[in-house]
Novice: 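I have a structure I would like to understand better, so I am pasting it below and will then ask my questions one at a time.
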There are 2 protein chains.
Amino acid sequence: MLDPLFDYIQRYGKQLLSEAEKERIRRIMLPKRLRRKQYFLEEGKVCTYTGFIVRGATRQFSVDEQGNEHILQLAIENWWITDRDSYMNRTPSKYFIEAWEDTELLLMPRERLDELLEIPAIKGMFWQMSENNHIASQKRLDDTISLPAIKRYEHFEQLYPEIVQRFPAHQIASYLGIARETLSRARSRSLR
Amino acid sequence: MLDPLFDYIQRYGKQLLSEAEKERIRRIMLPKRLRRKQYFLEEGKVCTYTGFIVRGATRQFSVDEQGNEHILQLAIENWWITDRDSYMNRTPSKYFIEAWEDTELLLMPRERLDELLEIPAIKGMFWQMSENNHIASQKRLDDTISLPAIKRYEHFEQLYPEIVQRFPAHQIASYLGIARETLSRARSRSLR
DNA sequence: ACTTCACTGTGACCTTTGTCAACAGGCGTT
DNA sequence: AACGCCTGTTGACAAAGGTCACAGTGAAGT
């Protein structure tokens, strides 16, 4: 079960893991199963784990005063899920993270993060993730303020075809910040 | 001239700098002046420096096919300016960074980044910056997909009152992804 | 002093998108 | 088989925001 994680760490940390290091990781990471619709994180709670998805799919969202959900992340295998702010700074989260399919995770407990970061490949990976996340959210932001709804959808579809397959359209619409009807119409129009 | 930078590094890196380290930094960082409207980075070029603003103000923006500008960052003293993707991965940038006021910078050359990262406080600061940037762009994204134009402006004003003072309204509007007229109307309406 | 230019505000109009509502298909549960 | 529930689609209408045009102000440059 840890192999996808080891692969991931070695790829993004740009270093190989020794057997001893793997063993150390094995002892720290906690396996966890979530059933569809179960929460990984709820608003107001501190996000004490960062999770690595081995199998399944999750969504992260906030809920505004009117009760509307706004999706910030849709994640599948080999993605990390967390509220970075809450996890790093131990502050209450504004977000929910919910399993959208039955999901298997590996959890990185916040209180053992420093131990894990002693492993060079993990440190490198963490660095790279932070970097990549920052770059990706910058691009998403650029799209969001620059492009009309349809274009944003097209970009998204091109970037994450598998996500589009596995989540219903109204979730994608929420991720893009548009109404599900708008997405539906945009799609049918772009077929002609 | 380097004192604001040293303060910044110690604050965000959560470690003090020795005199030897300060000397090392002094030898690597390049002072640079930009006059108003001069470019720090142009689209298509690789961003070979990351700049620390000692005095002045800059804006980072992309230009779409219709020639419209979309502002990604408005920066003043004690902010870093760079295209992270271009800088880290040495790829051509999609962005412009332009001095909005006469500006004094300290430049961190990409080819000497590894040297600088040997200094623990700098490594810590870099980490923290990446973290903070990611968290900030996540919040901005959440606002952008969740809130109507006026609310976004109010949030922004509350978060960065000094930026609002120093940049003209049409730049702020572009940062928020709205037309300058919309912002103008929103402002006059919220006074009543 | 005069011109120019950048910036802001406002009205009229149009486009895009959101909202509300109704409907239909699929799918699992009982 | 019957019932919900989730999902996607479509229409009618409303609201938000964009576009275009014009005017006024003030600062900078000549």
Side-chain angles (χ1 to χ4, degrees), chain A residues 35-38 57-59 61-71 74 98-102 143-157 163-192, chain B residues 35-38 57-59 61-71 74 96 98-102 142-157 163-192:
Chain A
R35 303 198 52 208
R36 178 176 157 77
K37 303 260 174 177
Q38 214 180 333
T58 65
R59 64 191 193 107
F61 58 96
S62 62
V63 177
D64 65 23
E65 307 87 46
Q66 290 86 46
N68 300 313
E69 298 178 358
H70 303 281
I71 295 195
L74 297 172
E98 184 194 49
W100 186 247
E101 305 172 358
D102 292 346
D143 273 13
T144 308
I145 65 173
S146 315
L147 303 174
I150 313 166
K151 290 273 179 195
R152 293 215 300 278
Y153 173 70
E154 286 166 0
H155 274 205
F156 179 73
E157 192 181 24
I163 302 269
V164 176
Q165 301 304 319
R166 287 172 65 177
F167 289 89
H170 66 275
Q171 310 275 12
I172 312 278
S174 169
Y175 178 94
L176 297 171
I178 60 180
R180 66 182 210 286
E181 294 93 333
T182 304
L183 178 56
S184 171
R185 282 187 257 260
R187 279 216 272 212
S188 62
R189 236 168 278 153
S190 74
L191 294 179
R192 286 184 241 131
Chain B
R35 302 199 51 209
R36 177 175 158 78
K37 303 262 176 174
Q38 214 179 334
T58 65
R59 63 191 193 108
F61 59 96
S62 63
V63 178
D64 66 23
E65 306 88 45
Q66 289 86 46
N68 300 313
E69 298 178 357
H70 303 281
I71 296 195
L74 297 172
F96 296 84
E98 184 193 50
W100 187 247
E101 305 173 358
D102 293 346
D142 194 6
D143 274 13
T144 308
I145 65 175
S146 316
L147 302 174
I150 313 165
K151 290 272 181 196
R152 295 215 298 280
Y153 173 70
E154 286 167 359
H155 274 205
F156 180 74
E157 192 182 22
I163 302 269
V164 175
Q165 301 303 319
R166 287 172 65 177
F167 288 90
H170 66 274
Q171 310 274 13
I172 312 277
S174 169
Y175 178 95
L176 297 171
I178 60 181
R180 66 185 182 73
E181 294 92 334
T182 304
L183 178 57
S184 170
R185 282 188 257 262
R187 279 216 273 211
S188 62
R189 236 167 278 151
S190 73
L191 292 180
R192 282 184 245 131

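A note on names: the letters A, B, ... follow the listed sequences, proteins ahead of strands, and every chain is numbered from 1. Since we're looking at a predicted model, the values are computed, not measured.
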Novice: Please round to 10 degrees the angle between the axis of the first five pairs and the axis of the last five pairs in the helix from C/dA1-D/dT30 to C/dT30-D/dA1.
Specialist: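 So the angle between the two local helix axes works out to 40°.
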Novice: Under the salt bridge (charged side-chain N to carboxylate O under 4.0 Å, His left out) rule, collect the residues that match up with B/Arg36, sequence neighbours excluded.
Specialist: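 Salt bridge (charged side-chain N to carboxylate O under 4.0 Å, His left out) check on B/Arg36 returns nothing, list empty.
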Novice: Holding to salt bridge (charged side-chain N to carboxylate O under 4.0 Å, His left out), I want the full list of residues that pass it with A/Glu154, two or more places apart in sequence or in another chain.
Specialist: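 A/Glu154: no salt bridge (charged side-chain N to carboxylate O under 4.0 Å, His left out) contacts found.
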Novice: Is there any salt bridge (charged side-chain N to carboxylate O under 4.0 Å, His left out) pair reaching into residues 171-180 of chain B, and which pairs are they, with sequence neighbours excluded?
Specialist: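 Sorted pair list comes back empty.
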Novice: Please list, in 5' to 3' order, the outermost nucleotides of DNA chain D lying under 4.0 Å from any heavy atom of chain A.
Specialist: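 First and last nucleotides in contact are D/dT7 to D/dA12.
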Novice: Applying salt bridge (charged side-chain N to carboxylate O under 4.0 Å, His left out), name anything that partners B/Glu69, two or more places apart in sequence or on another chain.
Specialist: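 By the salt bridge (charged side-chain N to carboxylate O under 4.0 Å, His left out) rule, B/Glu69 matches B/Arg59.
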Novice: What's the verdict on side chain to side chain contact (heavy atoms under 4.5 Å, CB included) for B/Ile172 and B/Leu74, showing C-alpha distance, side-chain angles and the deciding distance?
Specialist: CA-CA 8 Å; B/Ile172 312 277; B/Leu74 297 172; 4.1 Å; yes
Novice: Can you list the residues that meet the salt bridge (charged side-chain N to carboxylate O under 4.0 Å, His left out) rule with A/Glu157, with sequence neighbours excluded?
Specialist: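 For A/Glu157 there are no salt bridge (charged side-chain N to carboxylate O under 4.0 Å, His left out) partners, ignoring immediate neighbours.
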Novice: Write out all pairs satisfying salt bridge (charged side-chain N to carboxylate O under 4.0 Å, His left out) with one or both partners inside residues 163-176 of chain A, taking only residues at least two apart or from two chains.
Specialist: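 Of all non-adjacent pairs touching residues 163-176 of chain A, those that pass salt bridge (charged side-chain N to carboxylate O under 4.0 Å, His left out) are A/Glu77-A/Arg166, A/Glu101-A/Arg166, A/Glu162-A/Arg166.
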Novice: Sequence neighbours left out, what passes side chain to side chain donor-acceptor pair (under 3.5 Å) with A/Asp102? Give chain and number order.
Specialist: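 Here no residue qualifies.
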Novice: So, using ring-ring contact (aromatic ring centres under 6.0 Å, His included) as the criterion, who are the partners of B/Phe96 when residues are at least two apart?
Specialist: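 Expected list: B/Tyr39, B/Phe61.
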Novice: What pairs with B/Tyr153 under ring-ring contact (aromatic ring centres under 6.0 Å, His included), at least two apart in sequence or on another chain?
Specialist: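 So B/Tyr153 forms no ring-ring contact (aromatic ring centres under 6.0 Å, His included) with any residue.
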Novice: Treating primed atoms plus P, OP1 and OP2 as sugar-phosphate and everything else as base, which nucleotides of nucleotides 8-21 of chain C get B, S or - for protein heavy atoms under 4.0 Å?
Specialist: BBBBB----SSBBB
